[in-house]
Amino acid sequence: MKRNEELSKLTNVKEWDFIVIGGGASGLGSALDAVSRGFKTLLLESHDFAKATSSRSTKLVHGGVRYLAQGDIGLVKEALKERGLLAKNAAHIVKNQSFIIPNYTWWGGIYYKIGLSVYDFLAGKLSLGKTKYISKSKTIEKLPTIEQNHLASGVVYQDGQFDDARLAVNLAQTIIEKGGSAVNYVKVVNLLKDDKDKVIGVVAEDQISKQQYQIHAKVVVNATGVFTNDILNMNNPKHGKLVVPSQGIHLVLDKSFLKSDDAIMIPKTSDGRVLFVVPWHDRALVGTTDTLLENESFEPRALEEEISFVLNTARQYLSKKPTRDDVKSVFAGLRPLAAPKDGSKSTKEVSRSHKVIASDTGLISIIGGKWTTYRKMAEDTIDKAMQVHKLGNSTSKTENMSIHGNVKPEQVDRTNHLYVYGSDIPAIKALQESNSRFSQKIHPDHPFTVAEVVWAARNEMAETIEDVLARRARLLFLDARAAIDSAHNVARIIAEEKGYSEEWAQQQENEFIELAKGYLLTPYSPKVINLN
């Protein structure tokens, strides 16, 4: 995955079959689906892959227990099928995760056992395991930090868990390996149209060199998530708002707040939301919220009331009560929800299912959806594009397509933090052994090594400190202070790899520290870590 090689294709290819705008879940999925059918496909991302929504999820591959409660059986069934496929096609990234619902009423255990047995049934042969009712004592044994006052029982069910940004990088790698092209930091600034007002390509600008390109294609797909309206505006300034952003935040705590490999699921909080406490990369991830916002942003910030809600709710259910000082990192993500026709403000009224829309100009837009169903969303998008543009009837080949890095589940050693690299692990280990400096940790409290920074710069199109520390190694999301302390060295490693100046490295360091401060709840000053 070399950026310069991908950029050269922008001038060398006269016309693409598909240009996909957006390097998040729906864009990466759509590009891979088009490639799987033999189409010449280019994906353009204005920032880094999964920079926005697609790196900020709850890290769950799930059917959606809450949609089951709402009676949306179709959505749940589709998502459970996709969960099973993803666990098979990206076994290094996706794992079977046990969740426990703690019950504080005598009837809760019965109610959730019955409901989640339906969930298992809907998963069919792709089920990850049977739901079980467990006693109060067994619940405490499995969740030693659960609040024990009035605890009656527990219900254990299985769902999927994954690393969202790592999957995004692997999808980009797969697109390129299958003959497509994907490039980050290339922003679409306008649409090209013919004299009949039909979209025939895009004007794009490399955000690093500022070079502009006119790129032609038979089909342009708008897969920009919460930024969908921006591309629709280029297409038709009077289009109306099709997407509304809903914010969800997550707090990351030390593993001592969970002390379990099982996750906690609170199905009904004080305002009806679902709250999860999930083990993730040796931390406890707590979230989420559901707040409708007026405006979208690449760096959304957690609102004070959201932080209070998550902390207060977590305190009700954990025996070790988290405070602001315990938060290692806080991140916010925006969900691209299909706008409600009645203009209502409640996210409960907004569909989580996806929609594919064809404009009169031939522009195809995919809106809504979630990570779990990204593959099906992509299939529907390319099906619709082929129908509208009369591109034949080839079918999607992604259902059983292995994603870059995939290995057999029994080969995944989750005690080694490198497990997310899957089949690339031997190459990274060889890199560590090739140079004693490469085996050094970038921060003494975390396992990430210099080799991973070098690997990201050489093979995963990482261009900035943020690309490395937010989305290749997940340090910014796991421990923002440690990420700030690592910035100085990471900037110099990237600069050395790419032949950039000390001035570039210093500017990168300053920009990253400013950004990373937004992931902290308490003030912090950088400390310099000395690498030998």
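For the atom pair CD1 (I176) and CG (L32), the distance works out to 11.5 Å, reported to the nearest 0.5 Å. One distance of note links CG of L476 with CZ of F512; it measures 4.5 Å at 0.5 Å rounding. Taken to the nearest 0.5 Å, the NZ atom of K255 stands 14.0 Å off from the NZ atom of K328. Once rounded to the nearest 0.5 Å, the distance linking CZ of R472 with CZ of R166 reads 7.5 Å. Expressed to the nearest 0.5 Å, how far NE2 of H488 lies from CD1 of I465 amounts to 10.0 Å. Note that CG of L80 and CG of L126 are 9.0 Å apart. Values are rounded to the nearest 0.5 Å.
For NZ of K268, the number of neighbouring non-hydrogen atoms (other residues, nucleotides, ligands) closer than 6.0 Å is 12 at most. In K132, the NZ atom is not crowded: 12 or fewer heavy atoms of neighbouring residues, nucleotides or ligands sit closer than 6.0 Å. Counted within 6.0 Å of NZ on K95, heavy atoms from surrounding residues, nucleotides or ligands total more than 12; the atom is thus considered enclosed. No more than 12 heavy-atom neighbours from other residues, nucleotides or ligands sit within 6.0 angstrom of CG on D261. Annotation: K77, atom NZ; neighbour count of heavy atoms from other residues, nucleotides and ligands within 6.0 Å does not exceed 12.
In terms of modelled atom types and a separation under 3.5 Å, the side chain of S46 and the main chain of V186 share no donor-acceptor contact.
Remark: D163 does not engage K59 in a salt bridge, criterion side-chain N to carboxylate O under 4.0 Å. Taking the charged nitrogens against the carboxylate oxygens, E141 and K138 do have a contact shorter than 4.0 Å, which makes a salt bridge. Remark: D164 engages R474 in a salt bridge, criterion side-chain N to carboxylate O under 4.0 Å. Salt-bridge formation is detected for the pair D380/K376: a Lys NZ or Arg NE/NH1/NH2 atom is positioned less than 4.0 Å from an Asp or Glu carboxylate oxygen.
Outside the 6.0 Å centre-distance limit, the rings of Y157 and Y112 are not counted as a close aromatic pair. For an aromatic pair to be called close, the ring centres must be under 6.0 Å apart, and F448 with H443 fails this. Ring centroid separation for the pair F477 and W280 does not come in under the 6.0 Å cut-off.
Below 30°, between 30° and 60°, or above 60°: for Y185 and H47 the angle between ring planes is between 30° and 60°, a tilted geometry. Using bins of under 30°, 30° to 60° and over 60° for the plane-to-plane angle, the ring pair F331/H250 lands in the parallel bin.
Tested against R375, the residues D33, N89, T398 include a single side chain to side chain donor-acceptor pair (under 3.5 Å) partner, T398.
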Discussion item. Run the salt bridge (Lys or Arg N to Asp or Glu O under 4.0 Å) test on K51 and E299 for me, step by step, so that the C-alpha distance in whole Å, both residues' side-chain angles and the decisive distance to 0.1 Å come before the verdict.
Written reply: CA-CA 9 Å; K51 155 71 180 171; E299 273 298 328; 2.7 Å; yes
